[in-house]
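To start, the structure under review is shown below, and the notes come after it.
Per chain, numbering begins at 1; letters A, B, ... match sequence-line order.
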Number of protein chains: 4
Amino acid sequence: MQDSNATHASRAPRRRVPRAERSEQIRNSLIEAAAAVVGEVGYADASVARITALAGVAQGTFYNHFESRQHLFDELLPQIGQRMIRFVIARVHPDLRGAARDVARLRAYFEFLEENPAFYRILYEAETLAPVAHAQHMKTIIAGYVRALSRSLDRGELHQDITERDLEPIALMLLAARGYLSMHYGAGREGGGKVPDWVVDSYAKLVGNGLFSEPGAAVDKSNEH
Amino acid sequence: MQDSNATHASRAPRRRVPRAERSEQIRNSLIEAAAAVVGEVGYADASVARITALAGVAQGTFYNHFESRQHLFDELLPQIGQRMIRFVIARVHPDLRGAARDVARLRAYFEFLEENPAFYRILYEAETLAPVAHAQHMKTIIAGYVRALSRSLDRGELHQDITERDLEPIALMLLAARGYLSMHYGAGREGGGKVPDWVVDSYAKLVGNGLFSEPGAAVDKSNEH
Amino acid sequence: MQDSNATHASRAPRRRVPRAERSEQIRNSLIEAAAAVVGEVGYADASVARITALAGVAQGTFYNHFESRQHLFDELLPQIGQRMIRFVIARVHPDLRGAARDVARLRAYFEFLEENPAFYRILYEAETLAPVAHAQHMKTIIAGYVRALSRSLDRGELHQDITERDLEPIALMLLAARGYLSMHYGAGREGGGKVPDWVVDSYAKLVGNGLFSEPGAAVDKSNEH
Amino acid sequence: MQDSNATHASRAPRRRVPRAERSEQIRNSLIEAAAAVVGEVGYADASVARITALAGVAQGTFYNHFESRQHLFDELLPQIGQRMIRFVIARVHPDLRGAARDVARLRAYFEFLEENPAFYRILYEAETLAPVAHAQHMKTIIAGYVRALSRSLDRGELHQDITERDLEPIALMLLAARGYLSMHYGAGREGGGKVPDWVVDSYAKLVGNGLFSEPGAAVDKSNEH
DNA sequence: AATGAATGAGAGTTCATTCAT
DNA sequence: GATGAATGAACTCTCATTCAT
């Protein structure tokens, strides 16, 4: 981050360090401000006026850094989303396997939400208000989840009836669970807060054993092979 | 103040259409119009002008029936939500039990979405744009789901480690699955469409057997009581 | 359709006269205000704020009557242009013929400009700022002029070397003369004012005899002295 | 940036003067860029950003050379106007006299416009958007035209009813003709283009013989009404 | 009760100009 | 002198809501 001699513009700006750094600072502060504002009032009410006021710059400055309000919105989720991914990776012990690993990821996610309550809105409103970013984020997240499940599958950690093709819908459902549980028990509520342990346990039970106990009942009707 | 007696309409030749009924008609047509508009363009762009235009009344008329645009929005989901609930109930055979019943409900939900693609947006945007209605809807839906699961529990259809307290988070997660699967494979995508059978099968597998096969592994690590 | 009986109140607006009239009044006052503002500061600085302030209505009202600022601009020249045409027609004695008629029209035009000094800017800036209106106006004006000249041609009032084909460029040049003379000696200057008689006389000389007298030099014919 | 410090001063018109000359270069390139931009999009949309981008300098540099955008605009027409004047002088054979000389000047003007289509907009929009420059330009041009006509008058080339006082309005009208003819038949239209010969002939007829053939009628009659 | 024009606050965006580097 | 980001006033336009008819 310190070295900025790597890129050498043809026009030769004299003192690129302070200027470029200051510019980068402002850009970042705009993103941070936007994240905070969107987290608080949602995309729809995150006006440029509000964002720039929080960032402490003039409204016009906004447009030196982003083509439009929408362009900022489209960067918001990727930025914070990456942060979330790194956070979760850092929090999950590399040796964990199977269901334990999955539950650990869930917990890490909830912890991230506790520390970054804005993320909830940034993510879930993005579906309609920053759809490109949302689609990209979901794609990345799903792909990562499928990869992890795929490794579990290879290791034989999954039930025998689970096939490669099931992994995507299952990843999706587990992500869905994250979202709804945090909405209902955690950051999505007013005031945010921690998702209680017993809720995580319910997740673990569902993921570990499924819900219904009658053998084959669920699969029989709809599955022909 | 007009007479709102609707049972005997043939009283005077002056007024043929009862006022109250006509008023109710307009109110309903506004709700229908709003549902269509929100389904098409979302809450944010569902302007009063657009809704009244579709309903065929003047803009001012809107405010004779609803205190504000937000008040209409707050009625939208309850209305359409009830319709969805009735639809699902009607489609699920009363004799189905256990996982088969749950899967049938999932299918019915997807069918409702196919026939009412607007519902997807009305429901999922409501979380931020009609939060009161959304909370109420979720409460109702969850309560219904929990009741159903509770009956399954009483009948001994569930795994033995599932307790009464697990039912709410589990209901939530199954609802979450509905939402994300329809977003990804069905009505949430451009052009709507049917969720494929193999995706329903993946749901059935998860709900039936769980995901991970190591017995107890998932629960052990994270549960200390 | 005029009936506004209480028994048949479903479609018919009750008292359309005052409402429609008031609306028309506001629309007209916006046009008048716009004409005044454009005349004073030009199209570029004729902001909606300025126009509505002068018209005494709210800014939003503007958009109940015109799709956009440009749409008003596009109506401005046709409106005032028609007024000018009617004015000139009214001022020119129907029995005048030949050069006398042409000069009378020139005088009438100058008089109109004296009474409507805004017209100058409305017309001449329109070329770039309301090009469609300008083109339409010029087409109308040129066509009218050509028609008048054509009648003179038929009556044998014109020089023998003038043919039908010359009429359009000549009409254009006479219109050009109007414009530049008023710019330089009349309404185009600060403070407006009347174009002096001796300037009109110069016009009359040019139109009457041409400028150069050498036989054969320009086109030849009909010149001595 | 580049080594422009060649310090050998010889007899040849090669100058050293690194600073002043470089400064002059930038200033000129800004004027050239402005001319191109104004010609393309008009004064109103000729933003400082656009001009400096075309000139290849930073926006701030602009204000080292011009007090304001308007100050540049005020220099634009004088610069290009002088170029036009020199072009016309160079193209008109010094021995031509009378109407032939005038028509030759008209043709030269049209040729200049063909080669410099930007000039049309620079000149005609200047009336409202660079009024000082426009007034100065017109003054210069009119003075030159009057001088030329005055020489014709001294040589007896003009009609006897033309007096010294007529020369200014007549010069103005001939300039007006230039402008409108080029607007309608030449550079003013989309795509520019050459004014056809037959249009020039119409001009020649008007200037040569006038329009109406009744001698004297034009002047006398019009003073009564 | 129905109408639909009037309202005005507030939105996103532009751009001439300034100024620290 | 050259730079180019920062500034903030001004712009056009939208729309939920009001209210006289």
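- Using a 4.5 Å heavy-atom cutoff, the side chains of Y43(C) and T128(D) are not in contact.
- Using a distance-only test at 3.5 Å, with no hydrogens or angles considered, no donor-acceptor pair links the side chain of R69(B) to the main chain of S47(B).
- Nearer the 5' end of DNA chain E, as judged by each residue's closest nucleotide, is the contact made by Q70(A), out of Q70(A) and S68(D).
- Residue L123(D) holds its CG atom at 4.5 Å from NE2 of H137(D), rounded to the nearest 0.5 Å.
- Side-chain contact between T61(A) and T52(A) is absent, with no heavy-atom pair separated by less than 4.5 Å.
- More than 12 non-hydrogen atoms from other residues, nucleotides or ligands lie less than 6.0 angstrom from CD of Q25(C).
- Rounding to whole angstrom units, CD of residue E24(D) and P of dG1(F) are separated by 13 Å.
- When rounded to the nearest whole Å, the span between CD1 of I51(B) and P of dT17(F) equals 11 Å.
- Nucleotide dT21(F) holds its C1' atom 14 Å from the CD atom of E21(C), rounded to whole Å.
- Between R50(B) and L54(B) there is no side-chain heavy-atom pair separated by less than 4.5 Å.
- Rounded to whole angstrom, the span from the CD atom of Q25(B) across to the P atom of dA2(E) amounts to 11 Å.
- Proximity of residues 39-48 of chain A to DNA chain F (heavy atom under 4.0 angstrom from any strand atom) is not detected for any residue.
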Reading DNA chain E 5' to 3', what string of ( ), [ ], | and . shows its pairs, if Watson-Crick and G-U wobble pairs count only when both distances fall under 3.5 Å?
.||||||||||||||||||||
Grab the N/O contacts between the protein and nucleotides 5-8 of chain F below 3.5 Å, and write none if there aren't any.
| unit_1 | atom_1 | unit_2 | atom_2 | d |
| --- | --- | --- | --- | --- |
| dA6(F) | OP2 | H65(A) | NE2 | 2.7 |
| dA6(F) | N7 | N64(A) | ND2 | 3.2 |
| dT7(F) | OP2 | A58(A) | N | 3.1 |
| dT7(F) | OP2 | T61(A) | OG1 | 2.6 |
| dG8(F) | N7 | G60(A) | N | 3.3 |

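- At dT14(E), none of the side-chain N or O atoms of Y63(A) fall inside 4.0 Å of OP1 or OP2 (strictly under the cut-off).
- The CZ atom of F73(C) sits 12 Å away from the P atom of dC11(F) (whole-angstrom rounding).
- The main-chain N or O of H65(A) is found under 3.5 Å from a side-chain atom of R27(A) such that the two form a donor-acceptor pair.
- dT14(E) atom P lies 11 Å from atom NE2 of H71(A), rounded to whole Å.
- Judged by distance alone, with hydrogens and angles left aside, the side-chain atoms of E125(A) form no donor-acceptor pair with the main-chain N or O of G42(A) at under 3.5 Å.
- Rounded to whole Å, atom C1' of dA2(F) lies 16 Å from atom CZ of R27(D).
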Where do I31(A) and F66(A) land on the side chain to side chain contact (heavy atoms under 4.5 Å, CB included) test, with the steps shown first?
CA-CA 10 Å; I31(A) 290 178; F66(A) 302 96; 3.7 Å; yes
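- Using a 4.5 Å heavy-atom cutoff, the side chains of F73(D) and V38(D) are in contact.
- At whole-Å resolution of the value, CZ in R69(D) and C1' in dA10(F) are 14 Å apart.
- The OH atom of Y124(C) sits 15.5 Å away from the CG atom of L129(C) when rounded to the nearest 0.5 Å.
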